[in-house]
Amino acid sequence: MVKDNKELTKDKFYLEVLKNIPEALIVCDKDYKVVFVSESFSKIFQIDSGIIGKKFQSLIRNTSKINCHICKGNPAKYIPQEDYSHQATLIDETGKDILIRISHSIMPENGGYISILSPMSNLVCLNQAQIDFVSTVSHELRTPMTSIKGFADTLINAGDQLTKEQQTRFITIIKSQADRLTRLVENLLTVSRLETKKHKSVFRSLSLEYFVDRVIFALKNKYSNHIFKTEICKDIPCVWADQDKLEQIFTNLIDNAAKYSQEGTEVKIKAYLCPEDPDKIIIEVIDQGVGIPEEFIPKIFNKFSRIDNPLTRQVQGTGLGLYITKALTESLGGKISLKSYNNGTIFKLELLVATPERQARQGLAEV
């Protein structure tokens, strides 16, 4: 029976999906012969020669204690589901062994097998990143907790021997450290939502000037000795963004600009339409701070990244603010970059203009 055009188009679509899947994927028939390989397989493992038609066991050596019949090419009546994922070795075209983690799935209809291969080096790096993350978070939590516990114990054990001024100072320190813990936990929750894609955006046409003024007004009491200036071009169009995310982006950047510069210095916020692309708005946050050494710039948007100099050592921070700012900016379809000098830093944002087409699409999506 000949398939109609609709079925052929559907098959072509599924084949294209499989072909471009980001994982290294191999499909075998019931006789363990390779019938399909994803393009990512050759990119990840640098194996360019054709493996279609080869026996699966000629490519894979089972180095685990699990008796995997797929890797060995021996039919089995039953194998526990958990044994379909195990460590193995991929033999490349030069005979070199590549340590991998392999996961199999059975296709019930035709008895074939789907296998996903991951280099162990990637998994080791991921595990190390998780270990480093937990270690850093533990350190960041321990510092304020130590202060809170120490001063609380002093108040409990010797509170009646302290003057009123000493008691007030200790309680103020406890509150300050509790606030620091709260900020850290809030930032960690934001990071978690961003990385699990649970931080959804509700796009609206928003006045740039309104949000900049609102953030500056909120920060003026905190940085009363700083000078805040705005240079927003007249008749600049509205920006296309999520209200909460836009406010957090501006708050993080302007707060950082003031925090890491000396009292009495100027923080300037400029906004103008991009000369090369009228679909974008450029926002620059310019400070007169200590600047960022060139070797730190590639890492400045990483988690827990902080510059080590006398000024930053005096300022409390989690090292998550710029990581969050970059992730939020990109979630709005924008970009963030920076230039740093000996007498300051410029953070540059590119955000989308709220065009009638974008607003119309948003309106249709909400219907």
Side-chain angles (χ1 to χ4, degrees), residues 190 194 199 201-292 297 300-301 321-362:
T190 302
L194 286 167
H199 211 281
S201 301
V202 179
F203 285 89
R204 291 288 183 271
S205 174
L206 303 172
S207 166
L208 204 60
E209 189 171 7
Y210 168 79
F211 276 93
V212 171
D213 289 345
R214 177 171 163 170
V215 170
I216 290 174
F217 180 80
L219 292 173
K220 268 185 176 177
N221 288 335
K222 185 177 178 181
Y223 301 106
S224 55
N225 293 322
H226 279 76
I227 302 160
F228 294 93
K229 283 188 177 180
T230 58
E231 290 183 9
I232 297 176
C233 285
K234 190 179 179 182
D235 300 326
I236 194 168
C238 288
V239 69
W240 186 244
D242 176 278
Q243 178 174 321
D244 293 335
K245 289 184 179 181
L246 187 66
E247 187 165 350
Q248 188 169 359
I249 288 167
F250 286 157
T251 300
N252 287 354
L253 290 178
I254 298 172
D255 182 75
N256 258 22
K259 187 192 297 183
Y260 296 111
S261 56
Q262 299 290 347
E263 290 186 0
T265 57
E266 181 182 281
V267 175
K268 184 186 290 184
I269 299 92
K270 295 174 65 176
Y272 52 92
L273 203 60
C274 179
E276 296 83 18
D277 187 353
D279 193 42
K280 293 177 182 175
I281 294 174
I282 306 297
I283 303 105
E284 294 179 355
V285 179
I286 307 163
D287 66 48
Q288 297 175 337
V290 293
I292 300 170
I297 290 177
I300 200 68
F301 293 109
L322 288 176
Y323 171 81
I324 291 170
T325 302
K326 183 174 186 286
L328 290 175
T329 302
E330 290 176 350
S331 74
L332 298 178
K335 293 179 183 178
I336 184 169
S337 58
L338 70 95
K339 290 181 181 178
S340 194
Y341 311 92
N342 291 331
N343 59 346
T345 303
I346 302 173
F347 279 91
K348 180 180 176 182
L349 288 171
E350 293 182 23
L351 296 175
L352 298 173
V353 171
T355 61
E357 291 79 12
R358 289 192 175 102
Q359 295 178 61
R361 284 198 298 268
Q362 178 77 355

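Basis for what follows: all heavy atoms, side chains included, without hydrogens, waters or symmetry-related copies.
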S.K.: Enumerate, atom names and distances included, each donor-acceptor pair closer than 3.5 Å involving a side-chain atom of residues 344-356, sequence neighbours excluded.
M.R.:
{"from": "T345", "atom 1": "OG1", "to": "S340", "atom 2": "OG", "distance (Å)": "3.0"}
{"from": "T355", "atom 1": "OG1", "to": "R358", "atom 2": "N", "distance (Å)": "3.3"}

S.K.: K234: what forms a salt bridge (Lys or Arg N to Asp or Glu O under 4.0 Å) with it, not counting sequence neighbours?
M.R.: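 In terms of salt bridge (Lys or Arg N to Asp or Glu O under 4.0 Å), with neighbours along the sequence ignored, K234 is linked to no residue.
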S.K.: Ignoring hydrogens, what is the shortest heavy-atom contact between T251 and E247? Give both atom names and the distance.
M.R.: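 Shortest heavy-atom contact: OG1-O, 2.7 Å.
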S.K.: Mind checking side chain to side chain contact (heavy atoms under 4.5 Å, CB included) for E209 and listing every partner two or more places apart, or none if nothing turns up?
M.R.: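 Applying side chain to side chain contact (heavy atoms under 4.5 Å, CB included) to E209 gives S207, D213, I232.
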S.K.: Under the side chain to side chain contact (heavy atoms under 4.5 Å, CB included) rule, collect the residues that match up with N256, sequence neighbours excluded.
M.R.: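 Listed in chain order: K259, Y260, L322.
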S.K.: I'd like to check the side chain to side chain donor-acceptor pair (under 3.5 Å) partners of D287; sequence neighbours left out, ordered by chain and number.
M.R.: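 For D287 there are no side chain to side chain donor-acceptor pair (under 3.5 Å) partners, ignoring immediate neighbours.
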S.K.: Hey, what do you get for CZ (F301) to CD1 (I324), rounding to the nearest 0.5 Å?
M.R.: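 So the gap between those two atoms works out to 13.0 Å.
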S.K.: Answer whether the closest heavy-atom distance between the side chains of I254 and F228 falls below 4.5 Å.
M.R.: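 Yes; the side chains approach each other to less than 4.5 Å.
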S.K.: List in chain and number order the residues that pass side chain to side chain donor-acceptor pair (under 3.5 Å) with Y341, two or more places apart in sequence or in another chain; answer none if no residue qualifies.
M.R.: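 Y341: no side chain to side chain donor-acceptor pair (under 3.5 Å) contacts found.
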S.K.: Any side-chain heavy atom of F250 sitting closer than 4.5 Å to one from I216?
M.R.: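 The answer is no; the side chains never approach within 4.5 Å.
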S.K.: Who passes side chain to side chain donor-acceptor pair (under 3.5 Å) against Q288, sequence neighbours left out?
M.R.: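 So Q288 forms no side chain to side chain donor-acceptor pair (under 3.5 Å) with any residue.
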S.K.: How would you list, by chain and number, every residue that makes a salt bridge (Lys or Arg N to Asp or Glu O under 4.0 Å) with K220, sequence neighbours excluded?
M.R.: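 Testing K220 for salt bridge (Lys or Arg N to Asp or Glu O under 4.0 Å), a comparison that skips the adjacent residues, returns none.
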S.K.: Where is the tightest heavy-atom contact between A257 and V267, given as atom of each residue plus distance?
M.R.: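 Closest approach of A257 to V267: CB-CG1, 3.8 Å.
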S.K.: Minimum heavy-atom separation for T325 to T329, with atom names?
M.R.: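 Taking every non-hydrogen atom into account, O-OG1, 2.7 Å.
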S.K.: Show every salt bridge (Lys or Arg N to Asp or Glu O under 4.0 Å) that has at least one partner inside residues 329-344, sequence neighbours left out.
M.R.: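 Only K326-E330 qualify under salt bridge (Lys or Arg N to Asp or Glu O under 4.0 Å).
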S.K.: Minimum heavy-atom separation for A241 and L332, please, with both atom names.
M.R.: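 Smallest heavy-atom distance, with atoms named: CB-CD1, 3.9 Å.
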S.K.: Rounded to the nearest 0.5 Å, what's the gap from CH2 on W240 to CD on E357? Could you check?
M.R.: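 If I round to the nearest 0.5 Å, the distance is 11.0 Å.
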S.K.: Over all heavy atoms of both residues, which pair between N252 and G321 is shortest? Give the atoms and the distance, please.
M.R.: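 Scanning both residues, the minimum pair turns out to be ND2-O, 3.4 Å.
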S.K.: Side chain to side chain contact (heavy atoms under 4.5 Å, CB included), that's the test. Do I283 and V212 meet it? Break it down for me.
M.R.: CA-CA 10 Å; I283 303 105; V212 171; 5.5 Å; no
S.K.: Measure the shortest side-chain to side-chain distance between I281 and L273 over non-hydrogen atoms and say whether it is less than 4.5 angstrom.
M.R.: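 They are in contact (side-chain heavy atoms under 4.5 Å apart), so the answer is yes.
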S.K.: If you round to the nearest 0.5 Å, how far is CD of Q248 from CG of D255?
M.R.: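 Here the interatomic distance stands at 11.5 Å.
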S.K.: V202 and D242: which non-hydrogen atoms are nearest, and at how many Å?
M.R.: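 So the two residues come closest at N-OD2, 2.7 Å.
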S.K.: Got a sec, which residues hit salt bridge (Lys or Arg N to Asp or Glu O under 4.0 Å) with E231, two or more places apart in sequence or on another chain?
M.R.: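 Only K268 meet the salt bridge (Lys or Arg N to Asp or Glu O under 4.0 Å) criterion with E231.
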S.K.: So, do I269 and V215 sit near enough that their side-chain heavy atoms are less than 4.5 Å apart?
M.R.: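 No, too far: nothing below the 4.5 Å cut-off.
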S.K.: Quick one: side chain to side chain donor-acceptor pair (under 3.5 Å) partners of E276, sequence neighbours excluded?
M.R.: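 For E276, no residue satisfies side chain to side chain donor-acceptor pair (under 3.5 Å) once neighbours in sequence are set aside.
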S.K.: Who passes ring-ring contact (aromatic ring centres under 6.0 Å, His included) against Y223, sequence neighbours left out?
M.R.: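 Partners of Y223 under the ring-ring contact (aromatic ring centres under 6.0 Å, His included) test: H226.
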S.K.: What distance separates L208 CG from C233 SG, expressed to the nearest 0.5 Å?
M.R.: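 Answer for the CG-SG pair, L208 versus C233, is 10.5 Å.
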